[in-house]
Structure formats: structure tokens, C-alpha cells
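Keep in mind it's a predicted model, so treat the numbers as computed, not measured. Both ligands and their constituent atoms are indexed starting at 1 by order of listing.
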Amino acid sequence: MRIPFVAGNWKMNTTVTEAEQLIFEMLEKLDRIEGVEKVLCPPFVSLVAVNMMLRGSSIKLGAQNMYFETAGAYTGEISPLMLRELCEFVILGHSERRWYFGETDEIVNKKVKVALTNKLKPILCVGERLAENEAGKTEEVVNRQVTAALNGAEPVSNLVVAYEPVWAIGTGKAASGEQAAATIQFIRDVLAKLWNKSIAQNLRILYGGSVTRANIAEFISHPEIDGALVGGASLKAEEFASIVEQTAEIKGRIK
Ligand code: PEP
């Protein structure tokens, strides 16, 4: 049985003060929702403050990125050793990292392996760009990204995969539930071939891309889709709580 999973990616938004305010606004409501693993991923500089505010709650913490070395002369980078004192999860391979900061499949692979060795749970993002989607290359792209990212990694159950079509991120143009469910089933089949069927069956695979309180039900009602990685809508306390609440309610019903 896969526990539904909803993560909020705050991206490069919120100062420390604003992050504290946002946590203050959503903490009580989110904390009370049962049956969903809830993860917030604020910017690095807010991790310490948010970690303190979340202590004793049911909400977990994640980072948005990480370097693939553990220490050394890498000015400006953040290591898994720094993160693991503060959080349980780390988003890796987000399309904004791949396309704005030149992260290749090889870099994502190094990061995934280092995260796992250092007991951080990766939320591995994969997804095709608009032209690739229009050319019918979605499966080819996600197959390549998943296979490359996990190359040489021991099969583990503490990995979460997020299918995030690049054309749906921050655009207000979400994929349809059917499209997302089909690609997520395809990713599960890739994982079964790469690792094994029982691990693939147990891994959570999320949809991400313009998820809101108005469309979450469309995704979450598909048994293949285990939850959501939410960007913009995770910056609004009421809206994010509603996304998590609907996930708990719908997944609870189709269990
Ligand atoms: C994301 O940042 O992973 C994301 C899915 O963003 P948005 O929900 O804003 O499309």
C-alpha cells in the first residue's frame, strides 16, 4: 500500500520572515490531515527556521537542490551532510535546474546516488518539454531520464519520482488526469524493468505541473498517481491545505 504524498516546492520565493509566516498560516491545518505524507520544500536559507517550527508536527521538510560532493571547495554549494541534519527529502532534477542551470542526466545521477548514500530521500523529477510532447517522445524522454538518474543506484524504496511535464510547470496548463496516469504507469514499468516489480509497485510516483485546489481531484482519483508536487499553489496556505485535504479524502475513499 503506497501512502499518498504531497510536496510543496516554494522555489525561489519567501524571505525567512515570509517563510515563517506561511508556516504559521498552514501548520495547524496541515498537521491535522492524516493519511498523506506532507512535505514542504522552502529555500535553503529558511530550512533552519522551518525545521524548528515543524518539530513535533506531522509535516516533513525537504530541500530543493543539493550538490553531489559532501564537502570541499565548492563555493556557494550545499552538501547532503548539511541537509540531512535539517531535512528528510531533497528535490533533484527539477526541470528548472535542468533547463536554467544546465543540469544534465549525469549530474542528476550523481546527486541521486549521493543523496541516497547520505540517507536523504530524493524526489526525482522527470518530464518532457513541449516540443518533445508534440513529437510523441514523452515515453522516450522519461525513460531516458529515469534510467540515467538511477544508473548504478541500488534499488531502494525511499525514492519518490515526480512526473512533471515541462510545459505544464507554472503555465496554468496542467496535463489531463488520463495523460498523467498513463505516463506514470509507464514510469512504473520502467522502474520494474530497471530494479524489480515489487520495488516499483511500492514507490510513490507523483504528478506535478499547475496543480491547484480546482484540479487536484482529477489527478488523485487515478490509482496510478500517488500524489502531487505542487509549486505555485503551495505558497497559499488555504489552497495547499485544500490540495492535501482532497488527496487524503479521495485516496482514503479509493483505498
Ligand atoms: C514545480 O515547481 O514542481 C511545479 C509543479 O510548479 P507549478 O505547480 O507552479 O506548476
With the side chain counted from C-beta on, respond yes when F240 and L40 share a heavy-atom pair under 4.5 Å apart, and no when they do not.
yes

side-chain hydrogen bond (donor to acceptor under 3.5 Å, both in side chains) partners of residues 23-34, not counting sequence neighbours, each pair once
Q21-E25, D31-S58

Should D105 and R98 count as side-chain neighbours, where that means a heavy-atom distance under 4.5 Å?
yes

shortest atom 3 (O) of ligand 1-to-protein heavy-atom contact is with E164 OE2, 2.7 Å

Could you tell me which atoms of ligand 1, counted from 1 in the order shown, lie closer than 4.0 angstrom to a heavy atom of G209?
5 (C), 10 (O)

Tell me which protein heavy atom sits closest to atom 1 (C) of ligand 1, plus the residue, atom name and distance to 0.1 Å.
H94 NE2, 3.2 Å

For this output row, return yes or no: ring centroids of F5 and F89 closer than 6.0 angstrom.
yes

Min side-chain heavy-atom separation I216-V244 under 4.5 Å
no

Within the 4.0 Å heavy-atom cut-off, what A168 brings close to ligand 1 is backbone

When you compare ligand 1 with S210, is there at least one nitrogen or oxygen pair between them that comes in under 3.5 angstrom?
yes

Do R129's NZ or CZ and the ring of W167 fall within the cation-pi criteria of under 6.0 Å and 45°?
no

Among all protein heavy atoms, pick the one closest to atom 9 (O) of ligand 1 and tell me residue, atom and distance.
G232 N, 2.8 Å

Can you tell if the side chain of S234 reaches within under 4.5 Å of the side chain of W10, non-hydrogen atoms only?
yes

Protein contact to atom 6 (O) of ligand 1 [nearest heavy atom, distance to 0.1 Å]
K11 NZ, 3.2 Å

Contact check: T171 vs ligand 1, nitrogen or oxygen atoms, below 3.5 angstrom
no

Just which atoms of ligand 1 are under 4.0 Å from any heavy atom in L229?
3 (O), 5 (C)

N9 contact mode with ligand 1 (heavy-atom cut-off under 4.0 Å):
side chain

Numbering the atoms of ligand 1 from 1, which are under 4.0 Å from a heavy atom of G170?
7 (P), 9 (O), 10 (O)

Could you tell me the residue and atom name of the protein heavy atom closest to atom 8 (O) of ligand 1, and the distance to it rounded to 0.1 Å?
G231 N, 2.8 Å

Smallest separation among heavy atoms of A233 and T212, with atom names
CB-CA, 4.3 Å

